[in-house]
2 protein chains.
Amino acid sequence: MLKLSNRGLYGIKALYELANNYGKEPLAIREISKRHGMPVPFLEQVLHLLKKKGLVKSRRGSNGGYTLSRSPDKITLGEAVIALEGPIALCDCILKRDPDNKLEKEMRCVASNIYRKLGEKVEQAFNSVTLLELAEENSDKTYIATCK
Amino acid sequence: MLKLSNRGLYGIKALYELANNYGKEPLAIREISKRHGMPVPFLEQVLHLLKKKGLVKSRRGSNGGYTLSRSPDKITLGEAVIALEGPIALCDCILKRDPDNKLEKEMRCVASNIYRKLGEKVEQAFNSVTLLELAEENSDKTYIATCK
DNA sequence: ACTAATCCTGATAAAATTAGTCAAGTATAA
DNA sequence: TTATACTTGACTAATTTTATCAGGATTAGT
Ligand code: FES
Ligand code: FES
């Protein structure tokens, strides 16, 4: 369990490239794609997801491409995986909320309370890692592009 | 992300029932199934998974059924979800090991190191919850069977 | 204005996974 | 002997994931 789909794995690799590119000119999908052997049309979808959630910005046209919308130390892996794979939760019913944004019912099944606590713990763990750390982790290494 | 499949959700509910039944006569699939509105044939598969991993024992024939193979405080939610949903890991390559049971290569992609650390953290979180806690959590409540 | 590069968007198709069913079999208790 | 209940493997249906594709809109450079 806990597995990321290709959508998630590709998205995180893209964010890694954008983090390394932060402050420079936009990076084109084609270039990101080439560096990690990811299919261009799929990556388009993936980056669109990240854009919808405000993690990246884009510039169209010649010399266009994507940039992070915040500095790498202000973007967490938690935000990234939530944008790419949906909310962090053990089940859907945990997420259902009433108009006041409170859980609809305190108890939904025998495990709901534990599911909620575990979900929060996991989200916290993912939020404790930033794109800056991801980038620095690899600053002195040549990574293997075809890892999946 | 982090979502459990029905396989996992059903399995945990079954384990909850078995935890409450610990020390008594075996509990039949049909009975467990009825209490939570789960399809019998599917639950058969699920309990078989738990048996293969040694979490439950079974007795066939009349008055047969399933029992926990250890006391509820000796079985963690981590063991359960791993039995039901496979190993806890962000990606498959993290799991590939050489004959000495070491990671095949230290670095697989830009995120592998972080994936590994996060996976371990999550596994630890799941292992910190036992079936006893799951059972006690609900000792004073009537749960809603049709939560999913 | 023209052109090439690039993002944008929605539709669609292929593949993989999950969910659930079914049937014939084996073991057990009464 | 009989009814009950687990065992096992095969099978189908539904859902999700993984892409692919086409046509459109925007921008930089000339
Ligand atoms: S399955 Fe979501 S709270 Fe029980
Ligand atoms: S995708 Fe598994 S280590 Fe990179």
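The chains referred to below are lettered A, B, ... by the order of the sequence lines, with proteins before strands, and numbering in each begins at 1.
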Within the sub-3.5 Å range, which N or O atoms of nucleotides 23-27 of chain D have a protein N or O partner, and how far apart are they?
residue, atom, partner, partner atom, Å
dT26(D), O5', Arg60(A), NH2, 3.4
dT26(D), O4', Arg60(A), NE, 3.2
dT26(D), O4', Arg60(A), NH2, 3.3
dT26(D), O2, Gly61(A), N, 3.3
dT27(D), O4', Arg60(A), O, 3.4
dT27(D), O2, Ser62(A), N, 3.0

Between the main-chain N or O of Leu84(B) and the side-chain N or O of Arg7(B), is there a donor-acceptor pair closer than 3.5 Å?
yes
So which protein N/O to nucleotides 11-15 of chain D N/O distances come out below 3.5 Å?
none

OP1 or OP2 of dC7(C) under 4.0 Å from side-chain N/O of Lys51(A)
no
If only side-chain N and O atoms of Asn63(A) are considered, is one of them under 4.0 Å from the OP1 or OP2 phosphate oxygen of dG29(D)?
yes
So which atom in Leu4(A) and which in Val81(A) form the shortest heavy-atom distance, rounded to 0.1 Å?
CD2-CG1, 4.1 Å
Write down the distance between NE2 (His48(B)) and C1' (dG20(C)), rounded to a whole number of angstrom.
17 Å
Which residue is it: Ile75(A), Leu68(A), Leu27(A), Thr67(A)? I am looking for the one with a side chain to side chain contact (heavy atoms under 4.5 Å, CB included) to Val56(A).
Leu68(A)
Ser69(B) and Lys57(B) side chains, donor-acceptor separation under 3.5 Å:
no
When you match Glu44(A) and Leu4(B) each to their closest nucleotide on DNA chain C, which lands nearer the 5' end?
Glu44(A)
Is the backbone of Ile114(A) close enough, under 3.5 Å, to the side chain of Glu137(B) for a donor and an acceptor to pair up by distance?
no
Donor-acceptor pair, side chain of Asn127(B) and main chain of Thr76(B), under 3.5 angstrom
no
Would you indicate what Pro39(A) reaches in the nucleic acid, counting non-hydrogen atoms under 4.0 angstrom: base, sugar-phosphate, or nothing?
sugar-phosphate
Classify the nucleic acid contact of Leu47(A) as base, sugar-phosphate or nothing, counting any heavy atom under 4.0 Å across all strands shown.
nothing
